[in-house]
Structure formats: C-alpha cells, structure tokens
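The structure displayed is predicted, hence computed values, not measured ones. A, B, ... follow the sequence lines: proteins, then strands. Residue 1 opens every chain. Excluded from the calculations below are hydrogen atoms, water molecules and symmetry mates; all remaining heavy atoms, backbone and side chain alike, are included.
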Amino acid sequence: MDFIKIQGKWQKKWEDAKLFESNEGSKKKKFYCLEMFPYPSASGLHMGHARNYIIGDIYSRFKRMNGFNVLYPMGYDALGLPAENAAIKAGTHPRKFTEDAINNFIKQQKEIGLSYDWSRMLKTCDPEYYRWNQYFFLKLYEKGLVYRKKAPVNWCPKCNTVLANEQVHNGKCWRHKDTSVEIKHLEQWFIKTTAYADELLEMTDALDWPERIKLMQKNWIGKSYGTDIDFEINGKKWSIFTTRPDTIYGVTFMVVSAQHPRLMELVTKEQKKGVEAFLKKIKSTSEKDIEELEKEGAFTGSYAVNPLTKDKIPVYAGNFVIAEYGSGMVMAVPAHDQRDFEFAKKYKIPIKQVIAPTFITNAGHDAVRKDKPTSARDSAIGIVKHWKEDKYFVLDWKEFSWKSFVIGGIEKGETPEEAVVREVKEETGYQDIKSVKPIGFEIHTKFFARHKDVNRHGKFKTFLVELGSDKYKKPEEEHTKNHIGKWLEKEKISGYINLEDNKFLWEAYTKGESAYTEEGTLVNSGEFNGINSREAIDEISKHLEKKKLGKRTLQYKLRDWLVSRQRYWGTPIPFVYCDKCGLVPVPEKELPIILPENVKFGEGNPLETNKEFVNAKCPKCGGKARRETDTMDTFFDSSWYFLRFCDNKNSKEPFAKEKVKFWMPVDLYVGGAEHACMHLIYARFFVKALRDLGLLKFNEPFTKLYNQGMLHGTDGFVMSKSRGNVVLPEEISKKYGIDTARVFLMFVASPDKDMLWDDKGISGCSKFMNKVISLFEKKITNEKDSLLESKTNRTIKEVTEKIESMQYNVALIDLMELVKFLSSRETVTMQSIESLLLILSPFCPHVCEELWEKLGNRGFIASEKWPSYDEKKINLESEYLEDIIANTKSDVITVLELAKIEKPKEIKLFVSDDWKYKLYKLVVDKLKETRDVGVIQKAVMATELKKFGKDIIRMIPRIIENPPKIVLNQEKELKKIKESKERIENEFKCKVEVVKEADSKEQKARQALPGKPAIIIS
RNA sequence: GCGGGGGUAGCGAAGCCUGGCCAAACGCGCAGGACUUAAGAUCCUGUUCCUUAGUGGAUCCGAGGGUUCAAAUCCCUUCCCCCGCACCA
C-alpha cells in the first residue's frame, strides 16, 4: 500500500466533503474538544506537538463516531517574542515570520491527518482577533480590574529597552554580551487577578482535572492566613505580613526585598555603596534566577522598632524576599525559620529562641492528668562526653524505665551551667570538667510526676559537657540509687535513649544546629510565656489588633497580572496620554488600534519609532496626546481564544452569546502541564471576569483537562528546537506512513506520561499496520464461530472503554491482539473485520478509510457509527479453552527440548479426572471466604472428595497460590482437545492421542490437572 | 529555594489510586526453530538465576526500614532524574 498516496487522497476527500466542519444547528449532543493552541515557531511542528494533537484527534474522531456534534478547532498563538527576536536578528518582519511559520504549521498538521474544522481557524495577530483583546481590556478597565503600578524590569542600556527574562543570559543582554542588565522600576499595567483569588481557589476542587494540576494551582494561588504587623522604621510605619506572629519576640532583623520599589528610602548614606553592590548581583527579575543565587543581603543602615518589645532591629535588603508577595518585607526569626537562620549565621545576627520544643506524655502512668495541678521546674540536661573516646554517658532509671542523659534540677541561686556541672559530678562521679557548652534549645516536657502527685512542666536548658580526664570520685549513694550509668558508643545512643526530649536533643546535637520550625511552648516572650505556639498565633494577633499595631489578614501567593510589555509584536494597549486629561482610554468605536507595520527594530521600543502611531488625539478634549506604546502579554490572547472558536468570523462582537452558550464550556482540553499555573489561571480568571461583565453564563472554561506527558528526545530532555533534539513527523511519515507514526506515538506510552522518543520500536507498529492490511487478503465468510465472536466483541468493549478513559496505549494492545488472532486464522468474518476497522480508525484514519472503501463501502469511515458490542457474545470459556491448547503446545515444546527429542513419534495427552475439577471448583469458591489453608482443607474433606485425601492435601496449597480464572469440567476440556488434535499433529508432525487420565496406567498421566493435560512424548 | 512528577527486566513501557490471579502485559532488541537455494519478509518459541520431561526453588520492581497472613502496589527515611516558578509560550 502506498501510504503517501492514500494519505493525500483521504486528506483531500475529507477537506472537499467538509467532513469535520461543525455547526450549531445540529440536534446531536455537542462536544468541544480543544488542544492548547501552539505558538508557531519557525522550526515547525515536531513529534512532541504531534503527540499532543493526535491525542485530541483520536478523541474527537471517537466522539464523532459515537454520535456527538464535535467542535474541534485549531488556531495560532501568533504574537510574541520569538517573531520579534527574528526581526532584530534576521531582519524579517514579525508578520512575515509569523505568517510563514503558521503556513508551515498548517501544512504539517494537515499531513498528520488531524480532523480539525479548519473553517474556524484563528490567528491572534489578526486585527480581527486582537481588536477584541483591546475591547476586553477596556471592559476590565471599566470594571476596575485594571490599574497601574511600578514594577521592576530588566533594562539593557545599549538596546535602550526592556528585556524579557529569556533575553537575559547570566545577567547580560542577549545581544550585547558585555552589557550588564540593570533592574529598573517602571509604571506597568496590571490586572487584578487577585480579585478572583478566592473563587479560583474554591472552584478548583470541583474541576475534572488531574489532581496534580489542581494541587499546583492551589499552591500557586497559595492562600494563607496571617497577620499584618506595623513596624516603625525611621519614623514611618511599614506594614509587614507574617503567618507566624507567635514568633514576634524572636525577631532579630528585618529583610526587605531587593526589588522593593521603596528600598532606597531605607538605605542610609553610609550603606548606599554596599546595597548598590549587592543589587548588582541580581541578574534579572526572574525569580528562578534570584532564587538560585545564594541567600544574600546587605544592611540598609536603618533600624526597625519591634512593636511589642520596642527593640531596635537592623533592616537588611535581601534577595530571597519577593517584592510582590505580602508587603515585600519580612520579619526574620532565625530561631524558628530555616532561611532566616542561615541568613543570621552568615551575617552574625543574634538568634533568639522564643519557642521551646515541648514533649507531652499522653499515655501510660506518666500521662498528664487534667485533674492535677501543674508545677514548673527549671532543669538542665547534660550530654557528657568521654575524655578520650567518642562515647557518651547515659543513665538507666530503674523505677521509671527511662533511659536518658544526665538530668537534674536547677537549685535556687544557681545558673544552669553551675547546675549541670554539679549534677554531672554528683551522678557520674567524674570531676574533671573541661568545658560546658549550651546546645540548641531550651526543651520543655509535660508529664505527670507520680511521686509528687502533680503535673510537671519541665524546662530544660541543654548542654554538652566534655570531660578532661578520668579523675573520679565515687558518687554518693543518694545520687545513684535511682539509676545506673554507663558509657555508650556514639552509634548506639539513638537506639538506647527512650525519652523523646532526650532523643530530640541528641538529634539536634549530632545533626548540627538548625531552626526549630514546629509547634512548642513560648519562652522569652514576655506576657505570652508558657502558652502553646499555635494558640499564641491567635493570642498575639488579638493583642496587636487591640493595640492597633496590626491586624489579621488573608494573603495570596497569586499576584496581580502584569500585562504590559514594552515590545512591538503584541496587542497595543488602547490608551493615550493627554497633556491635559492624563491617561484616557480609547473609545470602543475607535478600535481596533492597528499595530503599525512600519517600525524600526533594535533601537529601543519599535512602536516609538513610528510617529504616526505615537501621535494621537485625545478622545476627551481633542488635544495633543501620546499613544500608549506598551503592548499586551500574549497570555491575554490565549485567555479567551476558546470563546472565539465558537464564532470566529463575527465582526460585530467578540462572539455571539448564543453560539458560546451552545459550545462552551470546553469538554476536553488537552495540553501540557507547563501551563498548569499561568495560562490555566488566566483563562479561568478571564471567564469569571467576563461572566461578571454579563458576557458569559458559566463559571469555568474547561470541564475536563487532560495533561499529555512531555516527549523527551533521545538525550533525555524535552524535545525542542533549542535543545536540538527534535524529530519531525515528516521523517517518520516518509518511511512508514503517518498512520504508523500515529500508532507508534500512541502505543509506546500512556498519553499522560512523559515518554522517551526512540524510533527503534517503530518497526513493531509498522508490522502491525502490515498485518492489518494483509487481513484483507483472507477469505471473508459468514461462518459462525463463537471464539471469533467472543474475541471481537471483547475487543470492541475494551477498546471503547480504553479510548473513553484515554488509555490509548492499552487500547492498541487489545487491537494488536485481535489482529494477531485474526491473522492466525484461515478465514475471517465481515462482522469482525468491519468492527476492527471501525475501532482502529481513530488511530490510523487514512489506512482505515482506504480499507473501508476496499470493502465496498461508499461513505467515510470517519462518519460511521461506532460499533456496539454484545456482552453475551463474550465467551470467556471458549477463550480459556483456546488458551489451554496454546499452553499445552508450549509445554510440549519445553518437554521436547528438555528431553532432547528431535522427532517425536507420538504425543499422548491425558485429560484430568473429573474429581480434580470438582476440587478446583470447591477451593476457588472457598477462596472467596478465606485464604486459610486449614479451613479450606477441612471443608474439602467434609465432602465426597475425601477419598482422594492424600492427593488433595498436596494439591490445595498450590491451588490457593495460583487459583485458575475458570474451572470447567473434563467433558468440555476433552472435547476441545480432541477438536484441536489435528492442529497439534500438524504443528509437531506426529500422531497425537487424547485420553482420559483414568483410562491410562501411566504414572505420568497422574500429573494431569484441570486446564493442564498430562503429556507423554515418545 | 518553593511547587509538581518520576525511578519497573538489555531498551521503551503497562501495572501502583482500589495489596493476593505478578517473574510482572505489550513492543523493540537478542537467541533458537519453521519456511526458503539464500537473504528479506512472515510464522512459532524462548529471553533473572538454579533445578526439572511441561516441575520445584531462590532472588527481584532506585536504596534502606516499617505495616500486613500477603507489598512493584500502603507508610516512613534516603539517593538520583525530569518539569514549572510569574517578561518564552
């Protein structure tokens, strides 16, 4: 079969017949299937794209055949940076560049056989499309969802323009490799996406989307409850957001974002140089870049006043604080936040513990008792280190079954150090204390002290006590009567110690210091000492509110959408700056504001080089005005394109409401997880905003989302032009035909998993295609064959279910099995072969159309009805019997090999005795109730089978271990094997005899089991 | 750093949610055989190790623990890889 020829033939026929065009008039149920539209890059469409579109195509074809009115459109996200880069580098106009790329894409997509409704195609670079961007922008502005604010941008002084993060390489401009990028703050347009943060978050759960995407969105929106606290700096109030007001007494410094617009207000003359040097290290506004830098900062010279302690604390500029999140400044609590901890260590800032890890005994004799009073006690724990070896002193408390380090109370007038030294001397006897160093944290415990009949709240200061020598004085009886002490190797300590607080201490000591970020008891926190830190969050917030020093608030990680770009190839933002009236929106009737073709590239913002464009009239006063030269982020275009597909030729409005009502929401949206957060959030936001503008009547754009996995090249990285690891569909198509490529892409891996491109396996799919084609050389008969019927019906059933759930790879395996089965037969039936073609056609549509025509059909297979299956015809029994024959054959081969028989004379097959079938059945039934061998044995022995007791005892465990799916009877099995006798004879070219086990005296015949006849070869 | 996903036989990849039918589908590769003058194509069989007339056993799903009568599957720890992080789209 000439694949190339038939591909062209059917692609043309489909197009001529307008087969895939959809309309709103149909009475069928609608189905809107959409793939994320591509940015048409110059390098064209590679296998990664192809995989994406084939997923949607198969589903669309499947749904059409199942009687749905399917809308399956394609468009191009045509505005954007690469076209502009090409203009600067290669001198091509972005429009030409884009048009060429789109035409190439369309050609490639048609060659893949995708069943798009091409009449609905759209390109976002057409004024007929982007005029509606401008329209929506104005609508959002009217709604108060658009505002302006300063934001940091990458600036190249040589290009005299703003750079995208992508255009910044290692802090240098992409065109001027010797020029460092500067961070500038410019007025930018923002859209208030946060106005919908709550709704976006709440509606996430109900979506039929992959859980991981929903999770990512939730984390991206990132709702957290916290408190805004006012800190005074240089006499001015700075409000900061924190989720941990409980740690406010532990604040030892503040960090303001390096990108904070008001940073310089805080920097004193003396520190200016230092801060500026620090800021230079920031290479771009990209968060990824910033986060990859070491956590660094520079002292601003200013001090903040802690509103509760009134302490003066230094303010640093830091590269790990995000300017847009919260207030762009954080209070740093190094004792209880790991990042702050590391920062404090680095800059030698004090660390102040305000939360003590607290270990509460909740069970056993020592469990805290609510009915008893609590008494607090200051104590000390000492980890005592051996003078020579790496050993530590531990105590075994006989009465309490505690195993601990040296513990003791702090007496009146004693310092904790003095106490621990005294305790060590008294309890261990060793007298030569070389050093006493505090470790980590104060630790609290709460338990019921039986001997005192009170709840004890122990507050432990913790120390490492190193001994200098073995100088020893026998301890007094009074101190040692409760416990035995001994030295233990370092490795054995964690297995030995059994008090949680001691264990914790040991870990802190061995792993080195770190911040304690868990819950605990407040210490060093004035009036809040002693309360639980979780409760303290509330308590301290209330306190701050009462004193008007702060208030509880909600915070989202989601930020408002910065939509303006200082670039040419985008939608002009419809505003002018009038000398008199200021910022004025362009009236709707003046839209579209056409992007001028005539501009210069590479010298600042191209739009500013076209005077006609820039010089405008003020719509309000008619006076002189300057047109806005910022354009829109291309995410704006992609936030509503799915609506335009419903009515892409409307020149009066963005879409007719009734058409959108008919098609929307999208029933299946297919795309990569890389859009999990941004595009999908913006699109959801847009729909909600348009709904509130009265343009839509639904809440969510995409009912079901399907994430295809990423295709990796042979180097293991995502297939992309820039990686240089792309494979083009044409290459494979030329060699094997596009249908083979389609089957291969869908067969190798589940569509939602990442997969590695490896064209070695494609020969398997090529063989499969050939097998399908060769089926048509077989004689087609009308014979009734239950096995054939069963396999066909079962395959229809499984393939239908698997396409529905988009497990295409598994569906193809079922199809391959059916084809293999059909190939092995002399004849096939019309019903089976037609069904096969129909359920195969979504995967390889061209070949199936061709074969369908060959069968004498006139219409398109693509518009045929999906075959139904008859559950009653699925006959597991006959399939199982067929399996027995296959297994028997394989067993014969094994025996031949093992026994080194080259030319067998006779093969005898013994079918198992009937009682064994009865036994199997009984055991399989019993297995539903229990897996206990004894119980099953008893049950079997209670029946007439008892007389085979000896054999039964031996057989039951094996049956349990490997229970058969089906248990038939001797009669059926005998019949089947007798029927298959001839086949086996032909296969092994020798005589075959089939007998019942009982009719033979041969010892080997006793090996026969249900489903597994005994074999003797001579 | 934060967030998400993954690691299964020589390779690609199912299975994991909902534990047992799992030495683990399917394809490639490799080996043997059939057909053929031969090659290719096609078909059949095998493909962890030991053992064996079709059997039985050991080890096994990144590593290490745990739960369970039973773990690729559930839980914890750990290593490695990939993806996203707001001006790439």
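Within the 4.0 angstrom heavy-atom criterion, base atoms lie near A/Gln1007. A/Trp220 comes within contact range of at least one nucleobase, with a heavy-atom separation under 4.0 Å. Among the protein residues, A/His679 comes within range of no part of the nucleic acid, since none of its heavy atoms lies under 4.0 Å from any strand. At a threshold of 4.0 angstrom between heavy atoms, the contacts of A/Lys557 include nucleobase atoms, whether or not backbone atoms are also involved. A/Met36 comes within contact range of no nucleotide atom at all, as no heavy-atom separation falls under 4.0 Å. Among the atoms of the strands shown, none is found under 4.0 Å from any heavy atom of A/Ser823. Nucleic acid contact class of A/Val892 (heavy atoms, under 4.0 Å, all strands): none. Within 4.0 Å (heavy atoms only), A/Leu898 reaches at least one base atom of the nucleic acid. Residue contacts shown for A/Val168 are absent, as no nucleic acid heavy atom lies under 4.0 Å away. Across all strands, A/Met710 comes closer than 4.0 Å only to sugar-phosphate atoms, never to a base (heavy-atom distances).
Contact check on A/Asp560 versus A/Lys192 returns no salt bridge, with no Lys/Arg side-chain nitrogen under 4.0 Å from an Asp/Glu carboxylate oxygen. Checked for salt-bridge contact, A/Glu211 and A/Lys214 meet the test: a charged N lies under 4.0 Å from a carboxylate O.
For the pair A/Lys771 and B/C43, the criterion of a side-chain N or O lying under 4.0 Å from OP1 or OP2 is met.
A donor-acceptor pair under 3.5 Å links the side-chain atoms of A/Ser257 to the main chain of A/Ala323, judged by distance alone. Here the side chain of A/Gln338 pairs a donor or acceptor atom with the backbone of A/Ala515 at under 3.5 angstrom.
When distances are taken from the side chain of A/Lys767 to each of B/C28, B/G54, B/C11, the shortest belongs to B/C28. The side chain of A/Ile893 sits closest to B/U45 out of B/A89, B/U45, B/A53. Closest approach to the A/Asp77 side chain among B/A14, B/G54, B/A89 is made by B/A89 (side chain taken as heavy atoms from C-beta onward).
Mapping A/Lys760 and A/Val718 onto RNA chain B via the closest heavy atom, the residue that lands nearer the 5' end is A/Lys760.
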